[in-house]
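The structure under discussion appears below in the form of structure tokens.
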2 protein chains.
Amino acid sequence: MSKLTMKEIAKLANVSQATVSRVINGNKSVNEEAAKRVLKVIEEVGFIPNNAAQTLKRSHSNIIGVCVTETFNPYFVELIDTLELEARKRGYNILLHNSKHNPITEWESIQNFIARQVDGIILVPNGEYNIQRLNKLAIPTVIITKNRESLDSIGLDHMQAGKIAGENFIYAGHKKFGYIGTVPDEKYLGYKSVLYENGFELNSLINVKQTSTNNFLIQQDIEAYFNQADRLDFTCVFAANDIMALEFLKAAQKRGIRIPEDISLIGFDDTYLAKIMGISSIHQPIEEMVKTTIEILLNRIENEVSSEKINIQLAPTLIERKSSNFKR
Amino acid sequence: MSKLTMKEIAKLANVSQATVSRVINGNKSVNEEAAKRVLKVIEEVGFIPNNAAQTLKRSHSNIIGVCVTETFNPYFVELIDTLELEARKRGYNILLHNSKHNPITEWESIQNFIARQVDGIILVPNGEYNIQRLNKLAIPTVIITKNRESLDSIGLDHMQAGKIAGENFIYAGHKKFGYIGTVPDEKYLGYKSVLYENGFELNSLINVKQTSTNNFLIQQDIEAYFNQADRLDFTCVFAANDIMALEFLKAAQKRGIRIPEDISLIGFDDTYLAKIMGISSIHQPIEEMVKTTIEILLNRIENEVSSEKINIQLAPTLIERKSSNFKR
DNA sequence: CTGTTAGCGCTTTCAA
DNA sequence: TTGAAAGCGCTAACAG
């Protein structure tokens, strides 16, 4: 079945191979009778053109390489899903890789993309490691969820997100502040800066290791914090993502700490985890981000426009749920 | 960068293109000096062989097509992740598709796999729609998570899973039983059969529409049930997956129904959702399933062994957590 | 409107 | 150990 070629189809339909190619590619200038015959044969034998040959010949593949840093976080799953959908609408498939926060794996993925002749790359980057190399490759690329000057990019303003969380807490009357996440990080910086500006400081940092990439490991980090702290010196806490927020919530509940009465909590990503648990969270507009990403990328691929880099920063918004909706 | 070919490498290294191919493919019979020269050039210019050409020539791609029914359920995310890892260990990439429970999309994915010259297919099927067609295609395929006689398959014994849930409830002293899910389904059948065998019956079915493929839609279905029922006529309930279990839990809590004191709850898949929420759940051994799947598939691809179909049914185990650990 | 033909970049005989 | 050359299946320019 899968060993059929246009040659056989041509023979069966009594036309040349070129004509078969024409009807498959919707070329108008084919006799209607002949076209019908070809289509019938294709249908009957279930012929599907060999994409490797097409790619080789056309020197493009209609594939977009997507590399994310993790799939454990449901935020990325939703991102991937949306990316796939929007790409498909435009006639492209996604080749998905997961760098698992490892720059070496990320680079291998990029090489694999090149080998597979992808027409463009969408990357959730791990730091700066491969940005310059990627730039030299001169393949259409857009960085998503974060901003990088040297390439096209679209991301949320993380600094601003940190500020919004901080402002919200300050406005609600908090005086003592906590942060959960891996530092340094722009959210962390933004959060801290707004605290300082208002005469406060960050009282506690619950450090999540960079290598803690699943619920269980994050839970361990948070438990470790709770176990070494005699009492909590903050009344509100901002978590770098919803998984961390959720694990904090669980650890707190386990110890009889009430959310939000004792401690207000804000997460990040606004995934369904936050929705399920009623955790306030900073929303990332996935659909807008993805649509714009595809737009920019296909423009680069298909129109080869200006070399001016595009860098878009989306504004974060806080979705308030019960975990922080409590004035002191 | 990406327009380099072996020809240029050959010229730069002062050898023939064939020799370049030889060193890339680790062919022994190449002069050591020459090989070193070639490697150096490749390194310098960052050459990566064109995979489309390789695939065309070799008539295999080292790609496995994987098509799942959804990615919303974290169970499938974990499945995909493990699949990717195990495949990569064996030198294969994954081409991932999501049929979103649509047999037409599923068939399109399969056709895309053929077009892309995948060496094999791993499928989480939607019913029976494409099983026969797939069989005719004569491409190595293994069905995962479910069993299909006409193809290689590995899955949990869903019937048995339903029985285990039912038995657990009966053993704990329950007399009135509920089920949440889309019916008919093997888990449902197994559950019901064990109830009948013990002189009980299914008192309530909370029907989740087949089209309810995310939290929100499932929530609506469950809310709809609660809203039309004056009182619950069961004291225990088995949910077809953890998402449903979770949404039931939320809907119950909202109404002051205590889990497990008023109603015992068992979910299915044993995802982190169940772990997070302390929901008892029937465990699916992902890693074992995936390893066996890859084993069977690569055996078919690389060794073209017997045409005897392999059908493996794994035994389900119940992981008891607080949602059902309560004797009446 | 249609067939012939020349490659796309690679692997792999075959001879040397 | 090596190079020349054929050809994987397809597209597209060209000639008719």
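Letters go in sequence order (proteins before strands), and every chain restarts at 1.
If you run side-chain contact (heavy atoms from CB on, under 4.5 Å) between Leu137(A) and each of Ile121(A), Asn130(A), Ile110(A), only Ile110(A) comes through. No option in Ile143(B), Leu123(B), Ile144(B) other than Ile143(B) meets the side-chain contact (heavy atoms from CB on, under 4.5 Å) test with Ser153(B).
For the helix from dC1(C)-dG16(D) to dA16(C)-dT1(D), the terminal axes (five pairs an end, C1' atoms, rotation from four pairs onto the next four) enclose an angle of 40°, given to 10 degrees.
Atom CD in Glu33(A) sits roughly 15 Å away from atom C1' in dT2(C) (whole-Å rounding). Counting to the nearest Å, the C1' atom of dT1(D) and the NZ atom of Lys36(B) are 16 Å from each other. Atom CD1 in Ile9(B) sits roughly 13 Å away from atom P in dT11(C) (whole-Å rounding). When the P atom of dC10(D) is taken as reference, atom CD of Glu8(A) falls 9 Å away, rounded to whole Å. Look at CE on Met6(B): it is 16 Å from P on dA4(D), rounded to the nearest Å. For the pair Asn50(A) CG and dC8(C) P, the interatomic distance rounds to 18 Å; values are reported in whole Å. For Glu32(A) and dT2(C), the CD to P distance is 11 Å, given to the nearest whole Å. Atom CD1 in Ile114(A) sits roughly 18 Å away from atom C1' in dC10(C) (whole-Å rounding).
Using modelled atom types and a 3.5 Å distance limit, the side chains of Ser29(A) and Asn27(A) yield a donor-acceptor pair. Between the side chains of Asn112(B) and Asn93(A), at least one donor N or O lies within less than 3.5 Å of an accepting N or O. Under the 3.5 Å distance criterion, with hydrogens and angles disregarded, a donor-acceptor pair is assigned to the side chains of Glu70(A) and His101(A).
Closest to the side chain of Asn31(A), from the set dT2(C), dT2(D), dT11(C), is dT2(C).
Heavy atoms from other residues, nucleotides or ligands lying under 6.0 Å from CD of Glu287(A) number 12 at most. Annotation for Gln54(B): atom CD counts as buried by contact number, over 12 foreign heavy atoms lying within 6.0 Å. Residue Lys7(A) qualifies as open at atom NZ: its count of foreign heavy atoms under 6.0 Å is 12 or below. More than 12 heavy atoms of other residues, nucleotides or ligands sit less than 6.0 Å from atom CD of Gln313(A).
Using a 4.0 Å cut-off on heavy atoms, the residues of residues 51-65 of chain A that approach DNA chain C are Leu56(A), Lys57(A), listed by number. Near DNA chain D, meaning a heavy atom under 4.0 Å away, the residues from residues 16-23 of chain A are Gln17(A), Ala18(A), Ser21(A), Arg22(A).
Dashed line: the shortest gap from a side-chain N or O of Asn25(B) to OP1 or OP2 of dT11(C) is under 4.0 Å.
A salt bridge links Glu86(B) with Lys89(B): at least one charged nitrogen is closer than 4.0 Å to a carboxylate oxygen.
Closest heavy-atom contact between Arg148(B) and Gly127(B): NH2-O, 3.3 Å.
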